[in-house]
Amino acid sequence: MLLRTILAATTAATVLLVPAAAQAATAEPAAPSNTAAAATAAQRAAAAAADPVIVVGGLSGISIAYEPIAARLRADGYRVSIFQLPNLGLGDIRESARALSSYVDRVRATTGAARVDLVGHSEGGLVSRWYVKYLGGAATVDQYVSLGSPQYGTYVANLVAVLGLGSCAGVIACQQMTIGSSFLADLNAGDDTPGPVRWATVRTWQDELVRPVDNAVLADGATNILVQAWCPLRVVGHLGLVLDGTTYTAVRQVLAGAPVQPNCFAV
């Protein structure tokens with residue numbers, strides 16, 4: 001979803017696929033045994049008492065695209081909201097981070113929570129990082145999880161110029177996600193993981209929009225999760241990171257402060 005606006009001029013086809021995927025993601029599970037039900041109840045109670053979770057969307061990502069992962073989190077007891085980037089993330093990432101800052105303040109005021117957890121997809125991970133690093137988010141964010149975020153840029157953004165579309169067809173956020181951009185130089189200056197925030201990234205070998213794939217990792221003590229390191233046969237694309245069951249189990253484990261052991265058979 002990162003640069004689909006630039007490469008295809010529209011994300012309509014992707015968006016049309018989302019409702020069906022959301023229905024699949026929120027299907028009712030089979031009735032658990034009494035033991036499993038007790039464990040689930042305990043987990044849900046812990047989730048309900050945990051920080052509110054804000055799912056931060058990516059470039060051209062409308063809110064409904066993130067309902068599948070938000071629905072999974074809600075089903076597990078978390079208080080969840082979705083932050084759609086202003087102007088669908090086409091503008092300056094720093095401005096989107098300022099809007100996220102205001103949104104976090106509203107969520108904290110509404111819920112009474114001191115801190116929130118951020119789950120950012122694609123550009124949303126960069127928006128969240130800028131907020132934490134430069135806009136005071138280190139004092140309000142407990143856990144940060146990025147899904148397929150080009151932390152150090154992507155060749156796909158650079159490729160747009162090669163295709164004859166100029167500098168990202170004038171899309172500022174795309175320009176900022178090119179490898180070597182001044183924005184990324186600022187974002188990645190110094191410590192990748194500042195403050196008391198617990199940092200984690202999730203990436204997949206099949207990410208068609210973040211290349212090289214390892215540009216989605218963070219240094220300085222972050223927990224970096226490669227889906228295929230745990231589940232070699234799992235095929236997950238860029239959008240798939242917010243739809244895939246295995247990826248979700250990793251996100252849930254990070255948010256719960258549990259050891260990361262993704263379930264390769266999760267749907």
Side-chain angles (χ1 to χ4, degrees), residues 1-29 47 51-91 93 95-97 99-104 106-107 110-111 116-128 131 144-150 156 171 173-174 177 202 204 206-210 227 235-252 255 266-267:
M1 187 169 287
L2 171 65
L3 299 174
R4 206 172 297 278
T5 302
I6 308 304
L7 298 179
T10 178
T11 59
T14 299
V15 170
L16 288 173
L17 294 176
V18 169
Q23 290 175 3
T26 58
E28 288 295 326
D51 301 322
V53 178
I54 300 174
V55 178
V56 184
L59 179 62
S60 77
I62 60 175
S63 294
I64 193 174
Y66 298 97
E67 275 300 328
I69 190 169
R72 290 182 190 264
L73 287 163
R74 292 188 192 108
D76 279 337
Y78 287 93
R79 296 171 289 173
V80 185
S81 59
I82 299 171
F83 178 70
Q84 178 178 297
L85 298 184
N87 194 29
L88 292 181
L90 298 174
I93 293 174
E95 291 300 320
S96 293
L100 174 61
S101 176
S102 297
Y103 185 81
V104 169
R106 292 198 297 274
V107 169
T110 300
T111 62
V116 301
D117 294 337
L118 300 179
V119 177
H121 177 242
S122 195
E123 182 189 339
L126 302 181
V127 170
S128 299
Y131 163 60
Y144 164 103
V145 185
S146 66
L147 305 175
S149 294
V156 175
V171 176
C174 173
M177 288 184 279
V202 183
T204 172
Q206 291 88 25
D207 195 319
E208 66 277 19
L209 296 178
V210 178
V227 173
V235 177
V236 184
H238 188 70
L239 177 61
L241 287 166
V242 298
L243 305 173
D244 178 63
T246 293
T247 302
Y248 174 70
T249 63
V251 172
R252 182 179 59 194
L255 294 178
V267 294

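Along the sequence shown, the residues carry numbers beginning at 1.
Remark: the backbone N or O of Leu243 is paired with a side-chain donor or acceptor of Arg72 at under 3.5 angstrom. At distances below 3.5 Å, at least one donor-acceptor pair connects side-chain atoms of Tyr66 with backbone N or O atoms of Gly58. A distance-only check finds no donor-acceptor pair linking the side chain of Thr110 to the backbone of Val107 [under 3.5 Å]. In this structure a side-chain-to-backbone donor-acceptor pair under 3.5 Å is missing from Gln206 to Gly237. When atom types are taken as modelled, the side chain of Ser128 and the backbone of Gly120 share no donor-acceptor pair closer than 3.5 angstrom. No donor-acceptor distance shorter than 3.5 angstrom exists from the side chain of Tyr131 to the backbone of Ser96, with no hydrogens or angles considered. Glu208 contributes a side-chain N or O that, together with a main-chain N or O of His238, makes up a donor-acceptor pair within less than 3.5 Å.
For the pair Val210 and Val156, the minimum side-chain heavy-atom distance is 4.5 Å or more. The closest side-chain heavy-atom distance from Met177 to Ile93 is below 4.5 Å. You'll find the side chain of Val145 stays beyond 4.5 Å of the side chain of Asp117, heavy atoms only.
The CG atom of Leu59 sits 9.5 Å away from the CG atom of Asn87 when rounded to the nearest 0.5 Å. Taking OG of Ser60 as the start and CG of Leu90 as the end, the distance is 7.5 Å to the nearest 0.5 Å. Interatomic distance, CG of Asp76 versus CG of Leu255, reported as 10.0 Å (0.5 Å rounding). Taking OG from Ser149 and CD from Glu123, the interatomic distance works out to 9.0 Å, rounded to the nearest 0.5 Å. The CZ atom of Arg106 lies 9.5 Å from the CD1 atom of Ile54; values are rounded to the nearest 0.5 Å. Considering CD1 of Ile69 and OG1 of Thr247, their distance stands at 8.0 Å, rounded to 0.5 Å.
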Inset, instruction - Show your working on side chain to side chain contact (heavy atoms under 4.5 Å, CB included) between Val80 and Val55 and close with a plain yes or no. - result: CA-CA 7 Å; Val80 185; Val55 178; 4.0 Å; yes

Inset, instruction - Dump the intermediate steps for side chain to side chain contact (heavy atoms under 4.5 Å, CB included) on Thr246 and Val236, then the final yes or no. - result: CA-CA 9 Å; Thr246 293; Val236 184; 6.0 Å; no

Inset, instruction - Check step by step if side chain to side chain contact (heavy atoms under 4.5 Å, CB included) holds for Val242 and Val119. - result: CA-CA 10 Å; Val242 298; Val119 177; over 6 Å; no

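Contact between Gly148 and Asp207 at its shortest, heavy atoms only, is CA-OD2, 3.9 Å. Across all non-hydrogen atoms, the minimal contact from Ala173 to Gly91 is CB-O, 3.3 Å. Of all heavy-atom pairs between Ile62 and Gln84, the closest is CA-OE1, 3.3 Å.
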